[in-house]
Amino acid sequence: MTETSDQGKDPLVAGRREQHQKILESGGYPHRYDRTHLADDLHRLFSDLAPGSETDTRVSVAGRLMLHRSFGKLQFGTLQDVTGTIQLFVDRATLGDDGANRFSEVDLGDWLGASGVIMTTRKGELSVRVDDFVVLQKSLRPFPDKWHGLHDIELRSRRRYVDLMVNEEARNVARARTVVVAELRRQFETRGFIEVETPVLLREATGAMARPFATHHHALDMDMYLRIATELFLKRLVVGGMEKVFEIGRIFRNEGVDSTHNPEFTMLEAYEAFADYTDMMTLVEEVIPEVARAVTGGTKVSYQGRELDLTPPLRRATMTDLVSERLGHPVDLDSDKGELAGWAGELGIEVEEVWSQARLISEIYEQAVEPEIWAPTLVTHQPVEVSPLARRNPDDPRLADRFELVVAGSEYANAFSELNDPDDQRERFEAQAVARAAGDLEAHPVDEDYLLALEYGLPPTGGLGIGVDRLVMLLTDQAHIREVILFPTLRPESQP
RNA sequence: GGGCCGCUAGCUCAAUUGGCUAGAGCAUCCGGCUCUUAACCGGAGGGUUGCGGGUUCGAGUCCCGCGCGGCCUACCA
């Protein structure tokens, strides 16, 4: 891990540098290369070619050399491009002595362009009979083990480019991620949502309960924060009459790093005027299965060795019902506080004296219920106390018209009917401000500008947030968020 | 943040209870080979065992500190 970018003394690098120098002295590398076919094209076009065939079809291919086998007068190379691999067949009779000698000097990892006619070997391997080739750029670095590849998790994360070269799984996950994002975008666009961009750099980080990253604007001499949500800006746009908006955006939270948390992650948030949380349920039940279909071809997926069925309708349950079920005893917001605290204590939860019934139920849910939920479940009616931006339920104003999509013990989406009463919103903010003053760095700050926007009138609105990274994890069967983020946050490599 | 574990050649991995010159495969270099699929065969080179200190006749192995990573745990999506 401690090698630096200049290793002239390393014999493995020195040999490659020698070749590199030779190429530079004899005219250097080409600035471009005309490729006629991708590897995948060739396999598709010539899938019927019998073993030992020769054709008149001349093609040019380009890619990175992954394998090289030499038989003296005959050589085989495996060239990998963005679509797959194609074999290069190099014999002296075709390429000539000079060319063949030059080819015997190429190293694993070099970028090559090669042209020749299509053929199949006696064993039937589709190949390009190389009559001309060029080194497009040498790789000066030793290549990972051609069979075992790169296993070290740290190296794979730090040098994702090498991981992508040698590990097909890494390429598949990266591709699946783009499919997820593209399909999410398509699903919302086809439903009439407009994609917008809201600020990342803010005077105050609002819209969620989390610690922000702090920075400073020098010209304005002003402390600023990276956003922790897009919520309040998107709702301002609904106030402005953009009735259906969404944003797929990078969010930054200055909190712990573990298998499901990276300091920067991607969230989709969508808001729809004249809709409520039940409309958001329908939206989730439509969109998530469509994304699953786009990635896996179906709505039943296997995650970490267990089956998951994302086919709608999804199971629905209220938070208090789930907690009651877990306790084997009915509880709700009217339950005795001491009794609830007793249940919580039995579950190993460290109860604080000041906690209300709402907080106790919510803590029991988070610590003892949510981790046990496997099948996709829409958990509804969280207490208002833990939902500072959600609208109250008309039947019980202590509960929010809200739901979370929980799958395999984790939260994948969070949605509610948006609180649009400016006075109620002010009171919620002020309750948060008390906690903030008491040292809770994650409590929501009062956002006066947002309150002003609410006073202009937010129509009844449904809002939805989807954790994109986790969705990718679910659909690619990855247990760690670092596997679905190309360049996860890491400490700097230690220097010698 | 706390606890436990790991770090050996470019890569993937060995090394018995603290004991011989730290080994193997791939990669590299040299030689052989015109149909391989991780080609094969013969030979060679390659190590401050993460970094720093300590114990010991002797440390990859034991102890202490530091760095990076992993797992669990706590907060969060």
Side-chain angles (χ1 to χ4, degrees), chain A residues 1-3 7 9-16 18 51-52 66-78 85 87-95 100 105 107-109 119-127 129 139-159 162 166 208-212 228-229 251-269 348-350 363 366-367 370 404-406 410-414 440-442 465-471 473 479-482 488 490-496:
Chain A
M1 289 303 299
T2 54
E3 62 176 323
Q7 280 215 329
K9 282 179 280 184
D10 185 335
L12 295 176
V13 173
R16 287 166 181 258
E18 216 173 283
M66 302 302 288
L67 294 169
H68 184 206
R69 303 175 280 278
S70 170
F71 288 76
K73 292 198 176 73
L74 188 63
Q75 300 174 69
F76 298 90
T78 300
T85 60
Q87 178 164 273
L88 301 181
F89 184 97
V90 176
D91 73 330
R92 273 186 195 280
T94 307
L95 189 56
E105 288 177 342
D107 289 297
L108 295 186
M119 58 164 282
T120 50
T121 62
R122 286 175 202 164
K123 296 270 174 63
E125 180 81 20
L126 186 69
S127 308
R129 180 186 288 280
S139 171
L140 301 178
R141 287 279 153 185
F143 214 57
D145 190 292
K146 67 187 178 189
W147 181 244
H148 296 99
L150 197 61
H151 277 192
D152 185 81
I153 291 165
E154 187 179 352
L155 261 183
R156 286 184 44 233
S157 302
R158 288 193 196 281
R159 301 190 195 167
V162 182
V166 301
M209 303 208 280
R211 279 187 75 174
I228 56 174
I251 302 298
F252 306 84
R253 294 188 184 174
N254 205 341
E255 283 162 356
V257 176
D258 64 26
S259 63
T260 56
H261 297 86
N262 195 63
E264 52 178 311
F265 62 102
T266 301
M267 191 144 77
L268 180 150
E269 285 195 43
I349 297 167
E350 285 181 39
E363 290 289 336
E366 277 178 24
Q367 297 194 37
E370 188 175 279
E404 294 178 323
L405 169 63
V406 177
S410 285
E411 207 180 301
Y412 286 78
N414 181 22
D440 184 351
L441 295 167
E442 290 175 5
I466 296 174
V468 173
D469 310 85
R470 287 192 180 171
L471 187 55
M473 287 169 65
H480 302 94
I481 198 168
R482 61 162 182 260
L490 293 170
R491 281 199 175 85
E493 211 172 313
S494 60
Q495 293 300 320

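What's counted below: heavy atoms across the whole structure, side chains too, no hydrogens, waters or symmetry copies. Residue numbering restarts at 1 for every chain, and letters A, B, ... go by the order of the sequence lines.
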(request) Could you check which of U12(B), C11(B), C76(B) has an atom nearest any side-chain atom of Pro144(A)? (result) C11(B)
(message) Donor-acceptor pair, distance only, cut-off 3.5 Å: does the side chain of Asp91(A) make one with the backbone of Thr94(A)?
(response) yes
(message) Can you tell me the base-pairing partner of C57(B)? Count Watson-Crick or G-U wobble geometry only, both distances below 3.5 Å, and say none if there is no partner.
(response) G19(B)
(request) Would you mind reading off the distance between Arg92(A) atom CZ and U34(B) atom C1', rounded to a whole angstrom? (result) 10 Å
(message) Measuring from the side chain of Asp107(A) (C-beta onward, heavy atoms only), which nucleotide among U34(B), C68(B), U28(B) has the closest atom?
(response) U28(B)
(message) Between G43(B) and G58(B), how far apart are the two C1' atoms, rounded to whole Å?
(response) 34 Å
(message) What is the distance, to the nearest angstrom, from the CG atom on Leu140(A) to the C1' atom on G10(B)?
(response) 14 Å
(request) Using a 4.0 Å heavy-atom cut-off across all strands, classify Gly465(A) as base, sugar-phosphate, or nothing. (result) nothing
(request) Quick one: pull up CZ in Arg16(A) and CG in Leu140(A) and give me the separation to the nearest 0.5 Å. (result) 8.0 Å
(request) Determine the Euclidean distance between corresponding C1' atoms of A15(B) and U21(B); express it in Å to zero decimal places. (result) 14 Å
(message) Suppose you measure atom P in G50(B) against the same atom in U8(B); what distance do you get, rounded to whole Å?
(response) 6 Å
(message) Considering every strand and a 4.0 Å limit on heavy-atom distances, what is the contact class for Gln75(A): base, sugar-phosphate, or nothing?
(response) nothing
(message) How many whole angstroms separate atom CD of Gln367(A) from atom C1' of C76(B)?
(response) 13 Å
(request) Measure from the side-chain N and O atoms of Glu411(A) to the backbone N and O of Glu404(A), and report whether any donor-acceptor pair falls under 3.5 Å. (result) no
(request) Look at all strands and tell whether Asp469(A) reaches a base, only sugar-phosphate, or nothing, counting heavy atoms closer than 4.0 Å. (result) nothing
(request) For A44(B) versus U49(B), give the span between their P atoms, rounded off to a whole number of Å. (result) 24 Å
(message) Keeping Thr120(A) on the side-chain end and Gly52(A) on the backbone end, is there a donor-acceptor pair under 3.5 Å?
(response) yes
(request) For Trp147(A) and C13(B), give me the distance from atom CH2 to atom C1', rounded to whole Å. (result) 16 Å
(message) G70(B), OP1 or OP2 - any side-chain N/O from Arg482(A) closer than 4.0 Å?
(response) yes
(request) State whether the distance check finds a donor on one side and an acceptor on the other, under 3.5 Å, for side chain Asp145(A) versus base G10(B). (result) no
(message) Nearest to the His151(A) side chain among U28(B), U37(B), C13(B), which nucleotide is it?
(response) C13(B)
Between the protein and nucleotides 39-44 of chain B, are there any N/O to N/O pairs under 3.5 Å, and if so, what are the atom names and distances?
unit_1, atom_1, unit_2, atom_2, d
A39(B), OP1, Lys146(A), NZ, 2.3
A39(B), OP2, Arg69(A), NH1, 2.7
A39(B), N6, Ser70(A), O, 3.2

(request) Under 4.0 Å between any heavy atoms, over every strand shown, what does Arg122(A) touch: base, sugar-phosphate, or nothing? Just pick one. (result) base
(message) Applying a 4.0 Å non-hydrogen cut-off, can you work out what Tyr412(A) is touching in the nucleic acid: base, sugar-phosphate, or nothing?
(response) nothing
(request) Using whole Å, report how far CG of Leu108(A) lies from P of A27(B). (result) 7 Å
(request) For Thr266(A) and Asp469(A), work out which heavy atoms get closest and say how close. (result) N-OD1, 2.7 Å
(message) Let's see if you can work this out: which of A27(B), G69(B), U34(B) has an atom nearest to the side-chain heavy atoms of Lys73(A)?
(response) U34(B)
(request) Any strand is fair game: report the nucleotide pairing with A27(B) by Watson-Crick or G-U wobble, both distances under 3.5 Å, or none. (result) none
(message) Tell me if a side-chain donor or acceptor on Glu255(A) pairs with a main-chain N or O of Arg211(A) at a distance below 3.5 Å.
(response) yes
(request) Just call it for Glu125(A): base, sugar-phosphate, or nothing, with non-hydrogen atoms closer than 4.0 Å on any strand. (result) base
(message) With rounding to the closest Å, how many angstrom separate the C1' atoms on G47(B) and A59(B)?
(response) 16 Å
(request) In whole angstrom, give the distance that lies between atom CZ of Arg156(A) and atom C1' of C11(B). (result) 14 Å
(message) For the P atoms, the ones on G60(B) and on G18(B), what distance do you get once it is rounded to whole angstrom?
(response) 13 Å
(message) Between Glu366(A) and Leu490(A), which residue's closest nucleotide on RNA chain B lies nearer the 5′ terminus?
(response) Leu490(A)
(message) Nearest whole Å is fine: how far is C13(B) P from Asp152(A) CG?
(response) 8 Å
(request) Tell me which nucleotide among C35(B), U37(B), A74(B) gets nearest to the side chain of Phe76(A). (result) C35(B)
(request) Taking atom C1' in both G10(B) and C29(B), compute the distance separating them and give it to the nearest angstrom. (result) 14 Å
(message) Ignoring hydrogens, what is the shortest heavy-atom contact between Arg253(A) and Ala229(A)? Give both atom names and the distance.
(response) NH2-CB, 4.4 Å
(message) Between U12(B) and U17(B), how far apart are the two C1' atoms, rounded to whole Å?
(response) 28 Å
(request) Compare all side-chain heavy atoms of Ile153(A) with those of Arg482(A) and state whether any distance is below 4.5 angstrom. (result) yes
(message) For a quick check of understanding: with a heavy-atom distance under 4.0 Å over all strands, which category does Asp258(A) fall into, base, sugar-phosphate or nothing?
(response) base
(request) Could you check how far CG of Leu155(A) sits from P of A9(B), rounded to whole Å? (result) 11 Å
(message) Any heavy-atom pair between the side chains of Asp107(A) and Ser139(A) that's under 4.5 Å?
(response) no
(message) Would you compute the distance between atom NE2 of His68(A) and atom CG of Leu108(A) and round it to the nearest 0.5 angstrom?
(response) 8.5 Å
(request) Could you check Leu150(A) against Glu264(A) and say which one's nearest nucleotide on RNA chain B is further toward the 5' end? (result) Leu150(A)
